[in-house]
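This one's a predicted model, so the numbers in the text were calculated from it and none came from an experiment. All heavy atoms count here, side chains included; hydrogens, waters and symmetry mates do not.
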Amino acid sequence: MKKVLLSAACLGTATVFAQVKDSLQTKNVDEVVMTASRKKESIKEVPSSVTVVGEKQIQSQLTVNSDITSILQYTVPSLGTNSGQTSNTGQTLRGRQVLVLIDGIPQSTPLRNGARDLRTIDPSAIERIEVIKGASSIYGNGADGGIINYITKRSKTDKKISGISQIGLTGQPYGGTLGVRASQLLSGKINKFDYTLSLAYERTGYTKDGDGVLISPTYSIAKMDNYNGLLKIGYDINENQRIEASYIGYSSRSDLNVGLKTGKYGIKPTIGEGIGKGLETTPQGTPKNHNIRVSYDNKNLFAGTSLNINLYYQDFKTVYGYSDTFFNGGQSNVISKKAGARFNFDTQLWNSANSQAEIIYGADILNDETVQKLEDGRFWTPNMNMTNIAPFVLAKIDLFKKFTIKGGLRYENIKVNVDDFNTLSTLKSDGTFTKSIPVAGGKLNYNALVGNIGIRYNIEPYINLFGSFSQAYSINELGRILRTSTSETIKSLETKPIIVNNYELGATGQLSSWLNYELTSYVSTSKLGASFVQSPDRALMIQRSPEIVYGVEGFLHFSPTKWIQFGGSYSWMEGITSIKDDGDYSTKINNSRISAPKVLAYVQARPVPALSVGLDMLHSFQQNRFEPNTKTGLYAYGEGYVPEYTVFNFKSSYEVDNNWRVSLGIENIFNKLYQPAISWWTARDSDFTNALGLRGTFMIEYKF
């Protein structure tokens, strides 16, 4: 199949809401630099909305909660709220799936989305997080709603050795909840070599709600050991050439052995009680996530042309809890191995006083082998082997240091080999099991020309306008489609790609030295989207139909004095679909993708130079978009009513001297008893769980 599209290869204006909110000294937003557009560039050169979560903001949020999904929900306006579990199901970006990367290495498993891709690194190893909002093809498969790129720490010193040591305790005002975390960062430079070493360990205690009751053990973060290691070594060959190699390893394993007491949706929460069944053969969690990367940079290869080469490899496995829904029971996992290369040339076309132009071109190569199995060896999905070769070209023109035009093309050439397999027998709503059928595999080919275009006009500091059109092209959730096959061959299944068109208009600016703002509106369309819906027997299936998602988001940031700053953001979205592809868009996309409107607000003060105190607020509005079944009174999956809730977090730090600092953070400071949004919209008894109650974190830090 061949289609001509335009894809997001260029990025947008970095949202300063997250970037500057914990740096009282920051006044000039022009200093924010993006790298995710394949080269470093100021945010004043990019024509769409991007959020950059800076190092200080990450460290501040880490004081409250080390879960990266929690950090993101408090810093990215259009990202869904987290589940409080190891799974990031429902935490979509602008109503669509997001592609997660570490230093440009894909962490997501689009061929079989296991919803464990956000929690693949400890935040202590992250320098900043770049969030590209809206459809993007810049890194290939899976970025229907955008990209979250974790940029890891690097050496910033000329000393031979410097470092940061942290140790902390976490706990709730209930027995058994005590946890511990420790991290060590070492970095330095020796002649032409520089290095960064980061190690982190965390052991969590039991997790309890506001009443001190154990939270459900399903996807629980309780009694979990988390390990993270980063080693990065760079060598400056000369002033123009550099080579860098890095390894990042992450592992999480839970030894929680608590029984499950199922509650009643909307009435009584599902909780942990008693002793577990002891049926698990493997601790649930993500036992391994290995990332290896080698890069080479040459700033002056020839005639004003620079070169960047990135080679990478990822080995990922995540394991879920024991389930009786499989015939004879079992644990499922998702295993994915990726190897890739990116070749990036950047040629300056001209550089005069009033205009500059450059062209970026190259190719991306990716091999992704993904499978979902049971721990006993049975295949739930077949082995899927995808190869993607994508040449690209981007152009950028700057006029009068005010007007920027960007555009690009990318040719996607994707081949997927699917092995023969037998479907698993799984439990139906009537208590019987489905029949296992043999399915013949085969080869699937996808080709498309994709690209983007964007314009930004920096009229005055107080008003900068931008608009863009971008697209994503992804083979998403192929494994889920295959594993529920009722056909004996994949050729009869609907496996066409998801093609998303994203339109965006926005304005940003600095009204004074102490006031920044941004306002963005967007519409994304797809002729063949993909959503989880509930079949008549209450089993989950993939619905393919045309879709439209639209929304608005914005933020205000105030810094009236050197010692205080405050601000907030608001995001709202809606999604509609034409089930019969007849132009009737009266059906709404369910709440598993369309998040409730969200308000983030904060205040940060420094009453004395050594002391910083702050308060964060998250308010999720109610979401009442569907009616329950008239006969049963039950909501379908993803359509449950979601009530509003508000949570406050407190954070503080005190600098004892130039080397020592202590910090105290309190999550859910008012010990509110509530349920996260996912507990409501899933509309299932087993998923109706309470959120974490009040929990404190005390940390001691030493810098040298």
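- With hydrogens and angles left out, the side-chain atoms of N310 and Y312 include no donor and acceptor closer than 3.5 Å.
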Show me the donor-acceptor pairs within less than 3.5 Å that the side chains of residues 219-227 make with the rest of the protein, sequence neighbours left out.
from	atom 1	to	atom 2	distance (Å)
S220	OG	A222	N	3.0
D225	OD1	Y201	OH	2.6
D225	OD2	R203	NH1	3.1

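- The ring-ring contact (aromatic ring centres under 6.0 Å, His included) check on Y235 picks up F193, with sequence neighbours excluded.
- Applying the 6.0 Å contact sphere to NZ of K288 captures more than 12 heavy atoms from other residues, nucleotides or ligands.
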Point to revise | Verdict with supporting geometry, D616 and Q61, side-chain hydrogen bond (donor to acceptor under 3.5 Å, both in side chains) | key: CA-CA 9 Å; D616 287 344; Q61 291 292 331; 2.7 Å; yes

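- Side chains of S155 and D194: no donor on one and acceptor on the other come within 3.5 Å.
- Here E244 pairs with R293 in a salt bridge; the nearest charged N to carboxylate O distance falls below 4.0 Å.
- If you take NZ on K153 and CG on D103, they are separated by 13.0 Å, rounding to the nearest 0.5 Å.
- Remark: N291 CG to Q107 CD distance equals 4.0 Å, nearest 0.5 Å.
- The shortest non-hydrogen separation linking R181 to S66 is NH1-CB, 3.4 Å.
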**Study point:** Audit row: N308, D297, side-chain hydrogen bond (donor to acceptor under 3.5 Å, both in side chains) steps and yes/no
**Key:** CA-CA 5 Å; N308 171 258; D297 286 280; 2.8 Å; yes

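- Residues K133 and T51 bring a donor and an acceptor atom of their side chains to less than 3.5 Å of each other.
- Residues I237 and K192 come closest through the heavy atom pair O-NZ, 3.2 Å.
- For S187, the side-chain hydrogen bond (donor to acceptor under 3.5 Å, both in side chains) test picks out S162, with sequence neighbours left out.
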Report all side-chain donor-acceptor pairs from residues 691-704 shorter than 3.5 Å, counting only partners two or more places apart or in another chain.
from	atom 1	to	atom 2	distance (Å)
E701	OE1	Q166	NE2	2.6
E701	OE1	R661	NH2	3.2

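- Contact detail for P123 and I58: the closest heavy-atom pair is O-CG2, 3.8 Å.
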Exercise for review: Begin from the C-alpha positions of S83 and Q91 and carry the test side-chain hydrogen bond (donor to acceptor under 3.5 Å, both in side chains) through to its verdict.
Suggested key: CA-CA 8 Å; S83 64; Q91 205 163 7; over 6 Å; no

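- Not counting sequence neighbours, Y206 has no partner by the ring-ring contact (aromatic ring centres under 6.0 Å, His included) test.
- No side-chain donor from either of T69 and R119 sits under 3.5 Å from a side-chain acceptor of the other.
- Every residue two or more places apart in sequence or in another chain that forms a side chain to side chain contact (heavy atoms under 4.5 Å, CB included) with N228 is listed here: I121, D122, A125, A200, Y250.
- A salt bridge is absent between E55 and R154: the closest approach of a Lys/Arg side-chain nitrogen to an acidic carboxylate oxygen does not fall below 4.0 angstrom.
- Looking only at atom types and distance, the side chain of S336 has a donor-acceptor partner in the side chain of T370 under 3.5 Å away.
- Side-chain contact check for N388 and D364: no donor-acceptor pair (N or O, by modelled atom type) lies under 3.5 Å.
- Y320 and S87 share no side-chain donor-acceptor pair at under 3.5 Å.
- Side chains of E375 and T282: a donor-acceptor N/O pair is present below 3.5 angstrom, by distance only.
- Using modelled atom types and a 3.5 Å distance limit, the side chains of K651 and S60 yield a donor-acceptor pair.
- For N300 and E239, the side-chain atoms include no donor-acceptor pair closer than 3.5 Å.
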**Study point:** Steps toward side-chain hydrogen bond (donor to acceptor under 3.5 Å, both in side chains) verdict (T218, Q85)
**Key:** CA-CA 8 Å; T218 303; Q85 303 170 331; over 6 Å; no

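- A side-chain N or O of E518 and one of S49 form a donor-acceptor pair less than 3.5 Å apart.
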